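Let me begin by presenting the structure, written as structure tokens, before commenting on it.
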Amino acid sequence: MTGVIEPSFRESVDLMFDRAVRLMDLPPGLEEKIKVCNATYTVRFGVRLRGSIQTFTGYRSVHSEHMEPVKGGIRFAMGVNQDEVEALAALMTYKCALVETPFGGSKGGLRIDPREYEEHELEQITRRFAYELAKRDLIHPSQNVPAPDMGTGEREMAWIADQYRRMNTTDINANACVTGKPAHAGGIQGRVEATGRGVQYALREFFRHPDDVARTGLSGKLDGKRVIVQGLGNVGYHAAHFLSTEDGAKITGIVERDGGLVNPKGMDVDAVRDWVAQNGGVQGCPEGSFVPDGAKLLEEDCDILIPAAIEGVINLENAARIKAPLIIEAANGPVTAGADEVLRKMGVVIIPDMYANAGGVTVSYFEWVKNLSHIRFGRMQRRQEEARHQLIVDELQRLDEHLGDAWSMTPNFKEKYLRGADELELVRSGLDDTMRIAYQSMSETWHRRDDVEDLRTAAYIVAIGRVADSYRAKGL
Ligand code: GLU
């Protein structure tokens, strides 16, 4: 950003919050209570690496404890600071309220570039950070449950879970102290894809609302829509992969660290991802033409823009040049409060972060429940369901034989119908349901009230209303 002063990330979130509460009728003082971050713990710890002691700085911020445990990822990145974790923790509060996962909001971060360390070094650092947090109950199955975020994934979550278990050997619920674990270590099917999958379900639901679609000037469904995605990390990759392989969308632009790729005909997202894995960037990838200034791609003509990397990429400097009529915020805070205002005036529809990327925490919720119930989803009912299906199929088969060709079953029907849902299917179904219902609550507020100009304000109103109800019920 050049020459333009913008509020910090946390101030940006607060400004958006303020816009929404102005339209609400909250008891005096409650607004401030909900807005402020309850506590932020900063830890500095040393780890002996490569012959010397290296000092690391980490944070765990708890925004709201109106429900416990509090929930939110742990990020490993050089840009981590207190302002950022507090903004992200606040977004977690509103996100959880909007998609009705029974958690307060929290977030953690460690200032580190994970690519600079060997795996065993990262393990040492992660375990030490986890130790510091766990001994203060900032990792705890009933108080604070971290998850992956930028720069962390299943591997780090497995280390954290193991560290907690070593410190709490008799806690039968120890596995529920963190989510996003690998499937073989207490995780759940579908957690890795969850945030990107949620973006897909969010867009599908948006396109089921013709009045909302009309505000973008677009029409029809996702098929053939031109999509530019910024960031091919876990979220951006899965969103782009599912949208292009299952909904017929065309990925016409991909922005990565070293630049961007464009191809008006659409790109094979998996081929680009493999190229990046092998070459460290998109340059030279035959799927599209290389654009050295990736940020410029955000301003290209397209139908849907998906910022899926870091905060603040659409700001006062470039907002006026954005051409996409629809932005879906797969990242947290990719549009600053200033840019949000510019885009609103331009008539751009923004599907806000607290809804758009809530798929991750939704499936984290399923994983946490699975850990606490100590049983895989579907284990009790799957075969019973299959047996009942078998009854119907046998009956249909009997009719089939009786009526002959005049009334025959569709090929594959038997196999498809007979198979009871496994964990992955149940997770996807639960996620789809969550994304649909949350969208409807947001959209309904947007339409019902003339003073609600956009989906973000609607999302805040729904979320803040729920947090307020929860405080009221506690007698605060
Ligand atoms: N880090 C993710 C987010 O920002 C997931 C949080 C979680 O699963 O608790 O929503």
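No hydrogens, no waters, no symmetry mates; every other heavy atom, side chains included, goes into these values. For clarity, every value in this text was computed on a predicted model and none was experimentally measured. In each ligand, atom 1 is the first atom listed, and ligand 1 is the first ligand listed.
Taking a 4.0 Å cut-off on heavy atoms, K95 registers as neighbouring ligand 1.
Using a 4.0 Å cut-off between heavy atoms, R191 contacts ligand 1 through its side chain alone, with no backbone atom that close.
With respect to E367, the salt bridge (Lys or Arg N to Asp or Glu O under 4.0 Å) criterion is satisfied by exactly one of R376, K71, K181: K181.
Remark: R456 is not positioned above the aromatic ring of W446, lacking an NZ or CZ atom under 6.0 angstrom from the ring centre and at most 45 degrees off the axis. For the pair R273 and Y237, the cation-pi test (distance below 6.0 Å, angle within 45°) is passed. Figure legend: R19 and Y460 shown without cation-pi pairing, the cationic atom not lying both under 6.0 angstrom from the six-membered ring centre and within 45 degrees of its axis.
Looking at N332 next to ligand 1, an N or O pair under 3.5 Å apart turns up. Looking at ligand 1, you'll find an N or O of D149 within less than 3.5 Å of one of its N or O atoms. At least one N/O-N/O distance between P148 and ligand 1 falls below 3.5 Å.
For the residue pair R111/N81, the side-chain donor-acceptor check at 3.5 Å is not satisfied.
Those atoms of ligand 1 with a heavy atom of G360 less than 4.0 angstrom away are 8 (O). When each atom of ligand 1 is checked for a heavy atom of M92 under 4.0 Å away, the hits are 3 (C), 4 (O), 6 (C), 10 (O). Under a 4.0 Å criterion applied to the non-hydrogen atoms of K107, ligand 1 contributes the atoms 1 (N), 3 (C), 4 (O).
Closest to atom 6 (C) of ligand 1 by heavy atom, among G73, P69, A194, is G73.
Under the 30°/60° scheme for interplanar angles, the aromatic rings of F129 and F76 are found to be tilted.
Scanning all protein heavy atoms for the shortest distance to atom 7 (C) of ligand 1 gives A147 CB, 3.2 Å. Counting protein heavy atoms only, atom 8 (O) of ligand 1 is closest to S364 OG, 2.6 Å. When only non-hydrogen protein atoms are considered, atom 9 (O) of ligand 1 lies nearest to K71 NZ, 2.8 Å.
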Original post:
Are L26 and I464 close enough, and set up right, to give a side-chain contact (heavy atoms from CB on, under 4.5 Å), and what steps lead you there?
Top reply: CA-CA 10 Å; L26 293 181; I464 296 167; 4.0 Å; yes

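Heavy atoms of other residues, nucleotides or ligands lying less than 6.0 angstrom from CD1 of I172 number 12 at most.
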